[in-house]
Asks: 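Quick one: the structure is below, and I'll ask about it shortly.
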Amino acid sequence: MRDQTARNRVVVIGAGVAGLTSALTLAARGFDVTVLERAAAPGGKMREVAIGPARIDSGPTVFTMRWVFEELFAGIGLNFSDHVRLRPLSVLARHAWDDTQHLDLFADEARSADAIGTFAGAAEAKRYRQFCADSRRIYEILEKPFLRATAPSLPKLATAGGLSGLLELRKIRPFTTMWKALGDYFHDPRMRQLFGRYATYCGSSPFDAPATLMLVAHVEHEGVWIIEGGMHALAQALANCATSFGATIRYEQSVREVMVSGGRAAGVVLESGERIEAHSVIVNADVGALPAGLFGEAVRSAAAPLAPRLRSLSAMTWSMVAKTEGFPLSRHSVFFSRDYPREFAEIFGRGEVPSEPTVYVCAQDRIDDEARLAAGGEEELLVLINAPPVGDRKSFDQAEVARAAERAFGVLQRCGLRIDADPGKTQVTTPADFNRLFPATGGALYGRASHGWSASFERPGAGTKIAGLYLAGGSTHPGPGVPMAALSGRAAAATLFADLGFTPAGPKPALRPAASKTT
């Protein structure tokens, strides 16, 4: 089978951002690419929920690190802005602790410092400036040797520059928890709570994640954008560009098995029994799907199983079309719980939905303080709380969902926001639902939690023990989030190129005729 298959034939399992990025990179180089997606549309976790005519972003809602996609498109002769239209936000997020304590963070660092000075005092604003400088330095240290690397390690990072490398390692603070480090910067507990939230961006607790994640502050200051047409428009643009280069994308196609022949990936078998031969296979699914046997016995050993205690956060979400009043929502608003340590102890320690959660609201008809509401004053909302990744062992019945809603919307009311929601215009997603959407995860949305100094280096890279089998997605290196997933997709393609002896800037592979794709 392997000898009859052209070296340029690749199957990509999953049309998430990473899978589409791999497919686009490979197709633009002349590879014969087939993408298989079990859903009816591209995007993976970057999903949208339909409520009547509304299409609500119900996965990632923040677009950052646009340079990742600009480089991707430029590398294949395209202009990213010709395919995806962005609008920058000036208000990064609006934060509330009750109905009187509100604080906006801005894309402009000076505006944020002024706002913090008014909110928490001049000394706290000065400490914020130092926090920003240090987060920028952490990002600069890690961008090339970690974010852009296909298989980084802490020893490599430390020894790459000799003595100076060891000094740089100290600056990224991998052995200090984020919560402790934030206490060195901020004396106001509200500020510590606000910036501790950055740990949740990769599904982790600020009490266990390393201070290295401070770099998120710099990422946001580099720019946060809205995608016209919603986040799903990015997935559709990637899919359209991939097909324009000749890739085939087949939706509503579930893969039952990855075939292995002669110790090498040899294609896939669909649930229908159809066989698709290939010289290489890229799996854009949660890494746990492989050791769980969801892609067959032959590839179980390609990745190590992840113990449930190491999983990242899940979530409960309410996608809705509703009327709001009271609190002046911005595009992104965060409403904090009154006991942050208890919130994370309940999630990670006891596996429970928090008794008083921090609540995130994405008001998708608002840009900064501009509101473009529908007739009648209804708007499209995503309301989200963090939840434990227990969706594979706990069902969330109506009573459980109702208790979570009472807690979440109770926090909003305490902070002055009232949402008048019609149950017929609301769709709830629980950890159990996320586990069904993304099997073998328990509903964990970010792969492995970044708890402990070594966690970020223990995510698998693109290569596996099985020749011709590659991994991509938010559960692989460099981690979760839209730009990180794209980087993982590029890493999978780059690793495949290297294994076949091609260089990214080299000539396209010869399109050797081969036997039919299906047998």
Side-chain angles (χ1 to χ4, degrees), residues 45 47-52 54 56-59 61 96-99 197 200 203 205 308 311-327 329 332-364 377-438 441-445:
K45 290 175 183 172
R47 66 193 188 107
E48 60 179 10
V49 169
I51 298 179
I56 301 171
D57 281 334
S58 298
T61 56
W97 286 262
D98 57 29
D99 59 352
R197 180 168 168 77
T200 67
S205 163
R311 291 172 175 168
S312 63
L313 291 167
S314 185
M316 290 192 70
T317 67
W318 291 262
S319 304
M320 55 176 56
V321 177
K323 293 181 180 180
T324 68
E325 59 179 342
F327 185 89
L329 286 169
H332 305 293
S333 301
V334 181
F335 303 83
F336 285 108
S337 66
R338 288 171 290 193
D339 191 339
Y340 222 38
R342 178 180 176 180
E343 181 178 351
F344 287 96
E346 289 173 335
I347 293 173
F348 284 110
R350 299 202 287 272
E352 299 173 355
V353 174
S355 53
E356 185 182 75
T358 292
V359 186
Y360 164 71
V361 178
C362 180
Q364 300 181 20
E378 288 187 327
E379 56 184 307
E380 298 174 12
L381 304 171
L382 175 67
V383 178
L384 177 150
I385 64 173
N386 293 319
V390 294
D392 53 351
R393 60 182 188 270
K394 177 181 175 60
S395 62
F396 288 75
D397 58 22
Q398 283 188 319
E400 181 85 13
V401 171
R403 283 194 296 272
E406 182 179 6
R407 296 170 183 177
F409 289 86
V411 170
L412 299 182
Q413 290 178 4
R414 177 173 60 78
C415 293
L417 176 63
R418 294 175 295 283
I419 298 179
D420 182 9
D422 180 345
K425 296 182 179 180
T426 301
Q427 181 172 315
V428 183
T429 309
T430 70
D433 297 320
F434 282 120
N435 184 63
R436 284 189 287 271
L437 289 168
F438 313 112
T441 64
L445 296 174

Asks: Got a donor-acceptor contact below 3.5 angstrom from the Arg311 side chain to the Ala444 backbone?
Replies: no
Asks: How about Lys394 and Pro431: do any of their side-chain heavy atoms sit closer than 4.5 Å?
Replies: no
Asks: Please determine, by modelled atom types, if Ser319 and Arg47 share a side-chain donor-acceptor pair under 3.5 angstrom.
Replies: no
Asks: Under 30°, 30 to 60°, or over 60°: which ring-plane class applies to Tyr340 and Phe344, parallel, tilted or perpendicular?
Replies: perpendicular
Asks: Give the intermediate values and the outcome of side-chain contact (heavy atoms from CB on, under 4.5 Å) for residues Ile385 and Trp318.
Replies: CA-CA 9 Å; Ile385 64 173; Trp318 291 262; 4.1 Å; yes
Asks: Just so I know, are the side chains of Glu352 and Pro388 near enough to count as touching, which here means a heavy-atom distance under 4.5 Å?
Replies: no
Asks: Has Glu379 got a side-chain atom pairing as donor or acceptor with Ala363's backbone, closer than 3.5 angstrom?
Replies: no
Asks: Any side-chain heavy-atom pair from Thr358 and Asn386 closer than 4.5 angstrom?
Replies: no
Asks: Kindly give the heavy-atom pair with the smallest separation between Ser58 and Val49, and that separation in Å.
Replies: OG-CG2, 3.3 Å
Asks: List the residues meeting ring-ring contact (aromatic ring centres under 6.0 Å, His included) with Phe335, not counting sequence neighbours, and say none if there are none.
Replies: Phe327
Asks: State, with a plain yes or no, whether a side-chain heavy atom of Arg407 is found less than 4.5 Å away from one of Pro354.
Replies: no
Asks: Quick one: CD1 on Ile419 to CZ on Phe409, what's the gap to the nearest 0.5 Å?
Replies: 5.0 Å
Asks: Heavy atoms only: give me the nearest Thr426-Ala421 pair and the separation to one decimal.
Replies: OG1-CB, 4.0 Å
Asks: To the nearest 0.5 Å, what is the distance between CG (Asp99) and CG (Leu417)?
Replies: 11.5 Å
Asks: Look up atom SG in Cys362 and atom CD1 in Ile56, then write down how far apart they are to the nearest 0.5 Å.
Replies: 10.0 Å
Asks: Going from CD1 on Ile51 to CD on Gln427, what distance comes out if it is rounded to the nearest 0.5 angstrom?
Replies: 6.0 Å
Asks: Show your reasoning for whether side-chain contact (heavy atoms from CB on, under 4.5 Å) applies to Glu378 and Asp422.
Replies: CA-CA 11 Å; Glu378 288 187 327; Asp422 180 345; 5.7 Å; no
Asks: Distance from Ser205 atom OG to Leu313 atom CG, nearest 0.5 Å?
Replies: 8.0 Å
Asks: Could you tell me the separation between the OG atom of Ser337 and the CZ atom of Arg414, rounded to the nearest 0.5 Å?
Replies: 8.0 Å
Asks: Could you tell me which non-hydrogen atom of Ala408 sits nearest to which non-hydrogen atom of Val359, and how far apart they are?
Replies: O-CG2, 3.6 Å
Asks: Out of the candidates Thr429, Thr430, Val353, only one should pair with Val401 under the side chain to side chain contact (heavy atoms under 4.5 Å, CB included) rule; please name it.
Replies: Thr430
Asks: Of the non-hydrogen atoms in Glu356 and Asp339, which two are nearest, and what is the gap between them?
Replies: OE1-N, 4.3 Å
Asks: Assess the residue pair Thr441 and Phe434 against the criterion (side-chain contact (heavy atoms from CB on, under 4.5 Å)); give the C-alpha distance rounded to whole Å, side-chain angles, the decisive distance to 0.1 Å, and a yes or no.
Replies: CA-CA 8 Å; Thr441 64; Phe434 282 120; 5.7 Å; no
Asks: Regarding Tyr360 and Thr61, do their side chains bring together a donor and an acceptor under 3.5 Å, going by distance alone?
Replies: yes
Asks: Which heavy atom of Arg418 sits nearest to which heavy atom of Gly326, and what is that distance?
Replies: NH2-CA, 3.8 Å
Asks: How about Pro308 and Arg393: do any of their side-chain heavy atoms sit closer than 4.5 Å?
Replies: yes
Asks: Looking at Gly203, is its backbone amide N or carbonyl O close enough to the side chain of Ser312 to form a donor-acceptor pair, meaning the two atoms are under 3.5 Å apart?
Replies: no
Asks: For Asp433 and Val428, work out which heavy atoms get closest and say how close.
Replies: OD2-O, 3.7 Å
Asks: Could you check whether any side-chain heavy atom of Gln364 comes within less than 4.5 Å of a side-chain heavy atom of Leu382, counting everything from C-beta outward?
Replies: yes
Asks: Any ion pair linking Arg403 and Glu400 (charged N to carboxylate O, less than 4.0 Å)?
Replies: yes
